[in-house]
Protein chains: 2
Amino acid sequence: MKDNLDVECENVHSFIQDTLYVVNGKWKLVILSILVNKGTRRFGELSRESGISPRILSRELHELEMNQLISRRVCNTKPVTVEYSSTEYAETLKEVIGAMIRWGQNHRKKIKGQ
Amino acid sequence: MKDNLDVECENVHSFIQDTLYVVNGKWKLVILSILVNKGTRRFGELSRESGISPRILSRELHELEMNQLISRRVCNTKPVTVEYSSTEYAETLKEVIGAMIRWGQNHRKKIKGQ
DNA sequence: CTGGATCCATTAGGATACTG
DNA sequence: CAGTATCCTAATGGATCCAG
């Protein structure tokens, strides 16, 4: 399907695709924006705050954890609670998250004005 | 400033989702990065350069055009050729595209180092 | 050259119920 | 409370053929 003739040209595109591979889907950046900008959250809090159903949230959190963007901490409460926090590495995504928030704001303004 | 952020905190998630709604999928930001950073391309050029099959590319271009991010120009050649360019509005996505390219570069470096 | 039509495989996402 | 199991639908992506 894709040949290797254009290796140099494709570098920029593949950087974008690398990023998309990590933060793909409807929810990962939403989850990260909560944890990065607002701080630690429990599973149920995240679910309510974002509107993500438990099954999806569980999967997304696993994937984010695998990419070292969030950390999971089990608390010795009864019943057990779990805290999710963004890692230092997630801080490097602030530029991306911020850019998307700003663009979304501006875009909504534009759409409303039409 | 902080008050302002707090007030808008409820909407931050939907701003991200607005942006994701426009540039969703594996390909839209790749296509835009080509047209914005490297200039006008024909249909076949885009297909080869990005590795997107014609059917998918066609659909993505339609959606980008609907969102006024690219423009389509039919040329009076034989056979007909079509030129796709990024619009002025697409320039506003440069911040997002740039942030994702930089993060992808950095991320690849990190992954390799592990 | 452009790009639609058809067909198919894979994945993403959602609702609900349920267990430790 | 946290998360998994099950089931299901919709969306995404790709291959190939074909027509203007």
Side-chain angles (χ1 to χ4, degrees), chain A residues 1-4 10 13-14 16-32 34-35 39-67 69-86, chain B residues 13-14 16-32 34-35 39-67 69-85:
Chain A
M1 178 202 69
K2 94 185 191 181
D3 53 357
N4 290 326
E10 277 187 7
H13 317 153
S14 50
I16 292 182
Q17 293 186 299
D18 289 348
T19 304
L20 289 176
Y21 184 79
V22 174
V23 297
N24 58 355
K26 282 171 69 174
W27 298 120
K28 292 204 181 65
L29 285 173
V30 171
I31 294 168
L32 285 169
I34 294 176
L35 297 180
T40 297
R41 291 287 188 278
R42 293 213 315 269
F43 186 88
E45 291 175 327
L46 271 180
S47 182
R48 259 174 281 112
E49 209 165 325
S50 59
I52 313 177
S53 70
R55 192 183 76 90
I56 306 297
L57 180 58
S58 174
R59 192 188 56 200
E60 302 287 272
L61 290 173
H62 275 301
E63 293 177 13
L64 289 170
E65 198 185 2
M66 280 184 357
N67 283 307
L69 292 167
I70 64 171
S71 62
R72 180 177 180 276
R73 179 169 155 263
V74 180
C75 304
N76 268 336
T77 52
K78 43 172 185 166
V80 162
T81 57
V82 180
E83 285 181 357
Y84 290 93
S85 310
S86 59
Chain B
H13 317 152
S14 49
I16 291 181
Q17 294 186 298
D18 289 348
T19 303
L20 289 175
Y21 184 78
V22 174
V23 297
N24 58 354
K26 282 170 71 174
W27 298 120
K28 293 206 181 63
L29 285 173
V30 172
I31 295 169
L32 284 170
I34 295 176
L35 296 180
T40 298
R41 289 289 187 278
R42 293 213 316 269
F43 186 87
E45 291 175 328
L46 270 179
S47 183
R48 257 174 284 114
E49 210 166 324
S50 59
I52 313 175
S53 69
R55 191 184 77 91
I56 306 296
L57 180 57
S58 173
R59 192 187 57 202
E60 302 288 271
L61 290 172
H62 274 302
E63 293 177 14
L64 289 171
E65 199 185 0
M66 283 186 354
N67 283 309
L69 292 168
I70 64 171
S71 61
R72 181 177 180 277
R73 179 169 153 263
V74 180
C75 303
N76 267 337
T77 52
K78 45 174 183 164
V80 162
T81 58
V82 181
E83 285 182 0
Y84 290 92
S85 311

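Bear in mind that the values here come from a model prediction, so they are computed numbers and not experimental data. Order of the sequence lines fixes the chain letters, A, B, ..., with proteins taken first and strands second; residue numbering starts at 1 for each chain.
For A:Leu57, the side-chain contact (heavy atoms from CB on, under 4.5 Å) partners at least two apart in sequence or on another chain are A:Ile31, A:Phe43, A:Leu46, A:Ser47, A:Ile52, A:Leu61. Here A:Ser53 pairs with nothing under the side chain to side chain donor-acceptor pair (under 3.5 Å) rule; sequence neighbours left out. Residues that satisfy the side chain to side chain donor-acceptor pair (under 3.5 Å) test with B:Glu83, not counting sequence neighbours, are B:Arg73. Remark: B:Arg72 pairs with B:Tyr84 by the side chain to side chain donor-acceptor pair (under 3.5 Å) rule, at least two apart or across chains. With sequence neighbours excluded, the residues forming a side-chain contact (heavy atoms from CB on, under 4.5 Å) with B:Leu20 are A:Leu29, A:Met100, B:Ile16, listed by chain and number. With sequence neighbours excluded, no residue satisfies side chain to side chain donor-acceptor pair (under 3.5 Å) with B:Gln17. A:Lys28 pairs by the side-chain contact (heavy atoms from CB on, under 4.5 Å) definition with A:Asn24, A:Glu60, A:Glu63, A:Leu64, not counting sequence neighbours.
Within the model, atoms CD1 of B:Ile56 and OG of B:Ser50 stand 11.0 Å from one another, a figure rounded to the nearest 0.5 Å. Rounded to the nearest 0.5 angstrom, B:His62 NE2 and B:Ile70 CD1 are separated by 9.5 Å. Rounded to the nearest 0.5 Å, atoms CD1 (A:Ile34) and OG1 (A:Thr40) are 12.5 Å apart.
Side-chain contact between A:Leu32 and A:Val30 is absent, with no heavy atoms from C-beta onward closer than 4.5 Å.
Here the C1' atom of nucleotide D:dG3 and the CZ atom of A:Arg42 are 14 Å apart, to the nearest Å. Atoms CD (A:Glu49) and P (D:dA2) sit 13 Å apart, rounded to a whole Å. Summarising the geometry, the separation between CH2 on B:Trp27 and C1' on D:dT12 is reported as 12 Å, rounded to the nearest angstrom. Whole-Å rounding puts the A:Tyr21 OH to D:dT12 P distance at 19 Å. Between B:Leu29 atom CG and D:dT12 atom P there is a gap of 14 Å when expressed in whole angstrom units. Atom CZ of A:Arg41 and atom C1' of D:dC1 are 17 Å apart (whole Å).
Under the 3.5 Å distance criterion, the side-chain polar atoms of A:Glu45 are matched with a main-chain donor or acceptor of A:Arg42.
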* Would you check, one step at a time, whether the test side-chain contact (heavy atoms from CB on, under 4.5 Å) holds for A:Leu35 with A:Leu69? => CA-CA 10 Å; A:Leu35 297 180; A:Leu69 292 167; over 6 Å; no
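Overall bending of the helix from C:dC1-D:dG20 to C:dG20-D:dC1, expressed as the angle between end axes built from five pairs apiece, is 40° (10° steps).
Read 5' to 3', the first and last nucleotides of DNA chain C with an atom closer than 4.0 Å to a heavy atom of chain B are C:dC1 to C:dT6.
The stretch residues 52-67 of chain A touches DNA chain C through A:Arg55, A:Ile56, A:Arg59, each having a heavy atom under 4.0 angstrom from the strand. A heavy-atom distance below 4.0 Å to DNA chain D is reached by these residues of residues 71-86 of chain A, ordered by number: A:Arg72, A:Pro79, A:Val80, A:Thr81, A:Val82, A:Tyr84.
Distances shown here put every side-chain N or O of A:Asn24 at or beyond 4.0 Å from the OP1 or OP2 atom of D:dT12.
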